[in-house]
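Throughout, protein chains are lettered first and strands after them, A, B, ... in sequence-line order, and every chain is numbered starting at 1. Keep in mind that the numbers below use all heavy atoms, side chains included, and drop hydrogens, waters and symmetry copies.
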Number of protein chains: 2
Amino acid sequence: MITGSKAMIRDINSHLVLETVLNEGPISRAAISVKLGLTKATISAIVADLIDRQFIREIGSDDTSLGRKPILLEFCKENGHIISIDLGVNTITAFTSDLKGNDCGLKMFPNNYTRDNIISGLIYIINLSLAELPETPFGLAGIAIGVHGVTNGNEILFAPYYDYSGLPFADRLSEHFEVPVFLENEANLSVIGEKCFCYNVPNMIGLSVHSGVGAGIIIDGKLYTGINGNAGEIGHTIINVDGRKCPCGNHGCLEQYASERAILTDYAEIRELEKVTIEEFVAAYNSGDKTASDLVDQFVRYTAVAVNNLLNTFNPDVIVINSGFTINIPELHERIRDQLKNRMNKYCTLVPSGLQDISILLGGVCLIIKDYLGVDYSAPNSDFMMG
Amino acid sequence: MITGSKAMIRDINSHLVLETVLNEGPISRAAISVKLGLTKATISAIVADLIDRQFIREIGSDDTSLGRKPILLEFCKENGHIISIDLGVNTITAFTSDLKGNDCGLKMFPNNYTRDNIISGLIYIINLSLAELPETPFGLAGIAIGVHGVTNGNEILFAPYYDYSGLPFADRLSEHFEVPVFLENEANLSVIGEKCFCYNVPNMIGLSVHSGVGAGIIIDGKLYTGINGNAGEIGHTIINVDGRKCPCGNHGCLEQYASERAILTDYAEIRELEKVTIEEFVAAYNSGDKTASDLVDQFVRYTAVAVNNLLNTFNPDVIVINSGFTINIPELHERIRDQLKNRMNKYCTLVPSGLQDISILLGGVCLIIKDYLGVDYSAPNSDFMMG
DNA sequence: GCAATTAGTTTACTTATTAAACGAATTGAT
DNA sequence: ATCAATTCGTTTAATAAGTAAACTAATTGC
């Protein structure tokens with residue numbers, strides 16, 4: 001049972017100070033005191049401890065008009081590194097950053113790994129990334145791995161596109177690198193990334209349309225994954241009760257209409273092609289291909305249904321859409337929004353992805369920051385920051 | 001900004017002690033100390049204060065085999081009263097209880113009130129209920145009002161079945177009776193009631209099928225209502241993209257298929273009747289009426305779709321169904337569950353309502369308990385308690 | 001050079017928890 | 001009947017964290 005104690009008070013206040021310096025620094029002790037409503041004495045004591053532990057440091061004074069100049073404090077972002085990996089079906093992307101998510105290197109590798117060698121493959125990839133990083137006081141803070149499938153408690157429960165279910169990724173990598181390792185679903189990481197770097201709101205849904213369709217759910221500022229990590233598996237919500245058969249056993253699942261897989265498969269079938277990439281599809285669409293245009297209509301229509309259902313279910317601050325289609329054909333946002341103009345959706349706040357193809361990687365970074373510092377990161381003046 | 005302070009420590013621990021006595025009492029100081037992990041000295045200090053404030057009292061000793069007998073502490077449930085009202089379209093139900101939700105009287109009134117006199121009507125009804133209650137140290141702890149419509153911050157935003165939107169219920173009643181007043185959507189109250197009295201789990205969805213279809217959402221033990229109180233308005237999620245037109249402007253909303261209104265309207269139309277009550281409909285079904293049977297099939301089929309979608313969206317501990325159909329035709333639960341046997345729903349934990357037609361009223365009681373005591377009530381050994 | 005102002009530290013105090021000793025109450029063995 | 005063993009609850013001294021207020025430090029402008 002978590003009970004109140006003096007240690008808890010200091011813990012709460014210390015994290016508040018660290019969060020303030022991280023997200024609003026450089027900032028002075030006096031300003032922190034005003035912002036948090038704690039006395040200057042308390043702030044001074046906590047700051048001394050945080051400096052001692054090398055989380056923050058004093059930098060030059062600020063320019064003020066009157067009185068003694070404040071000593072500015074800033075977060076020591078380069079004192080450690082984070083590795084965030086997008087374990088894609090075709091490509092593995094490894095992103096290294098400092099403790100504020102700043103780019104320290106990005107590498108891409110074809111994913112030729114099988115169930116038998118994927119873990120050693122990841123160790124190899126991580127070592128390659130680590131090799132380029134300078135020594136730091138803290139070293140590696142943690143490793144995040146974005147999985148295209150359902151995860152629960154650091155285990156892959158179900159992944160339709162690769163055969164990695166049940167593998168002890170986290171345990172092995174954690175033993176090997178002696179740092180925390182987190183496996184998390186890509187839609188979940190994606191929405192975390194959007195929240196921390198772009199849209200700082202407490203309740204948001206990230207609608208991720210890639211091979212399948214998933215939603216990352218943030219409620220009260222916290223990721224909600226359900227009791228088995230299956231929350232947000234909206235690809236298998238039924239939106240057409242008499243519709244297309246789905247491998248899951250039901251009919252009319254969203255995923256059969258609005259996923260990349262559905263659209264590209266439909267296109268390939270109609271055009272009697274073996275396989276179509278999203279780039280080829282978009283090129284066809286842009287050149288006025290009628291089939292592609294019809295399928296884009298389908299995507300817009302069914303994605304709007306998905307957004308309608310999410311709005312009426314969650315009534316969130318924002319819904320962010322991230323998909324290859326909307327990234328490559330930006331006007332789709334407006335078209336989806338146009339289909340949502342009815343009485344129940346007056347509070348609709350549909351927004352485009354701010355991070356697009358790196359949302360998963362930056363979401364992984366935020367997960368590690370949260371684990372390592374115990375603090376929610378909210379990137380101030382981020383390149384990606386929205387309204 | 002909420003910061004850590006000494007007052008916070010005592011506040012946290014004091015509420016934990018009160019919660020323990022409320023939900024697990026009668027219990028001794030020693031047992032509380034072990035359960036919470038606080039020292040006996042701390043518990044003694046907090047208990048002295050709670051006794052002083054008349055929230056708890058000492059009762060006789062417990063029988064133990066060895067050593068000094070513990071002094072049992074219990075919650076003073078009869079020191080105050082709660083009024084919970086179900087503001088139905090046809091009927092207003094007023095329930096009075098002690099501070100643990102025990103029945104102190106239930107009255108029903110036809111709802112003939114208009115926009116102009118509903119507030120004075122409620123004052124009249126509440127006064128009638130109060131008149132029968134004995135004097136208590138605390139008096140009235142609060143009033144909860146269950147609304148069949150969307151509420152946000154104690155205001156009715158939208159109610160399709162009566163014309164009470166925007167009325168200052170809470171302000172007027174709060175001024176008049178000088179106690180806190182809460183307006184809340186009926187599906188939300190319903191799921192709170194089920195959580196506190198029947199299913200003590202942190203993540204649950206209450207599917208309420210009455211005139212419309214709504215879901216009460218509890219995440220991490222807390223009601224989630226969205227940013228405008230519109231969360232859980234699943235009656236307007238689209239489950240049949242080319243389906244029936246809905247007044248909301250879309251096609252194929254769940255409410256057009258699986259609500260009482262939809263089923264009863266369909267039945268009346270087919271049978272060329274003016275109006276059918278749910279009792280008449282159930283009687284027809286029980287007497288083998290084919291039309292009723294077909295419409296029950298429709299209800300089962302679409303309710304299963306709703307549950308499927310909720311499972312894949314929330315992956316909660318449990319989903320509770322509460323509807324006139326399932327209350328009156330219990331085998332429908334099994335039939336709904338039978339339609340859910342597919343790969344994605346292996347964690348399905350669909351359960352019947354434990355409180356049935358009083359879930360809204362008891363949910364209101366829990367809301368007031370939470371407000372008044374600052375503690376989550378979890379009815380121990382409740383008559384309604386499930387597994 | 002001094003008043004005014006703001007930043008940050010020091011000091012005395014308050015308060016809540018803890019650990020340990022202690023007193024109280026009860027059982028069971030001698 | 002008495003006393004050791006046991007458990008319950010209180011008392012006491014110590015610790016730790018925040019607060020308020022006084023104090024020192026640093027800077028500007030008159």
Measure from [atom1] on [X] to [atom2] on [N] and round the result to the nearest Å.
X       : N      : atom1 : atom2 : result
A/Ile71 : C/dG8  : CD1   : P     : 5 Å
A/Asp11 : D/dA16 : CG    : P     : 16 Å
B/Arg10 : D/dA17 : CZ    : C1'   : 15 Å
B/Leu72 : D/dT7  : CG    : P     : 17 Å
A/Glu58 : C/dT9  : CD    : C1'   : 13 Å
B/Met8  : C/dT17 : CE    : P     : 13 Å
B/Ile9  : C/dT18 : CD1   : C1'   : 12 Å

Of B/Thr3 and B/Leu66, whose closest DNA chain D nucleotide lies nearer the 5' terminus? B/Leu66

Taking all atoms of both residues into account, what is the closest heavy-atom pair of A/Ile217 and A/Asn188, and its distance? N-OD1, 4.3 Å

Which heavy-atom pair separates A/Ile192 from A/Cys366 by the least distance, and what is that distance? CG2-CB, 3.6 Å

Does atom CD (B/Glu178) have a neighbourhood of more than 12 heavy atoms from anything else shown, all under 6.0 Å? no

Give one of base, sugar-phosphate or nothing for B/Ser28, where a contact means two heavy atoms less than 4.0 Å apart. sugar-phosphate

Hey, does A/Lys69 reach any base, or is it just sugar-phosphate, or nothing, if we go heavy atoms under 4.0 Å? sugar-phosphate

Starting at the 5' end of DNA chain C and moving along, which residue's nearest nucleotide shows up first, B/Gly67 or A/Gly4? A/Gly4

If the cut-off is 4.0 Å, is B/Asn13 near the phosphate of C/dA16, judged by side-chain N/O to OP1 or OP2? no

Ignoring hydrogens and angles, tell me if any N or O in the side chain of A/Ser28 forms a donor-acceptor pair with the backbone of A/Ile71 under 3.5 Å. no

May I ask you to decide if A/Gln54's main-chain N or O and A/Asn79's side chain share a donor-acceptor pair within less than 3.5 Å? yes

Got A/Pro202 and A/Asp317 here, is their nearest side-chain heavy-atom distance under 4.5 Å? yes

From the set [options], return the single nucleotide nearest to any side-chain atom of [X].
X       : options               : result
B/Arg68 : D/dA25, D/dA17, D/dC8 : D/dC8
B/Ala30 : C/dT17, D/dG9, C/dA16 : D/dG9
A/Pro70 : D/dT28, C/dG8, C/dA16 : C/dG8

Fit a plane to each ring of B/Tyr372 and B/Phe138, take the angle between them on a 0 to 90° scale, and name the class: parallel (under 30°), tilted (30 to 60°) or perpendicular (over 60°). tilted

DNA chain C contacts among residues 31-53 of chain A, heavy-atom distance under 4.0 Å: A/Lys40, A/Ala41, A/Ser44

Classify the side chain of B/Lys6 versus the base of C/dT17 as yes if they form a donor-acceptor pair under 3.5 Å and no if they do not. no

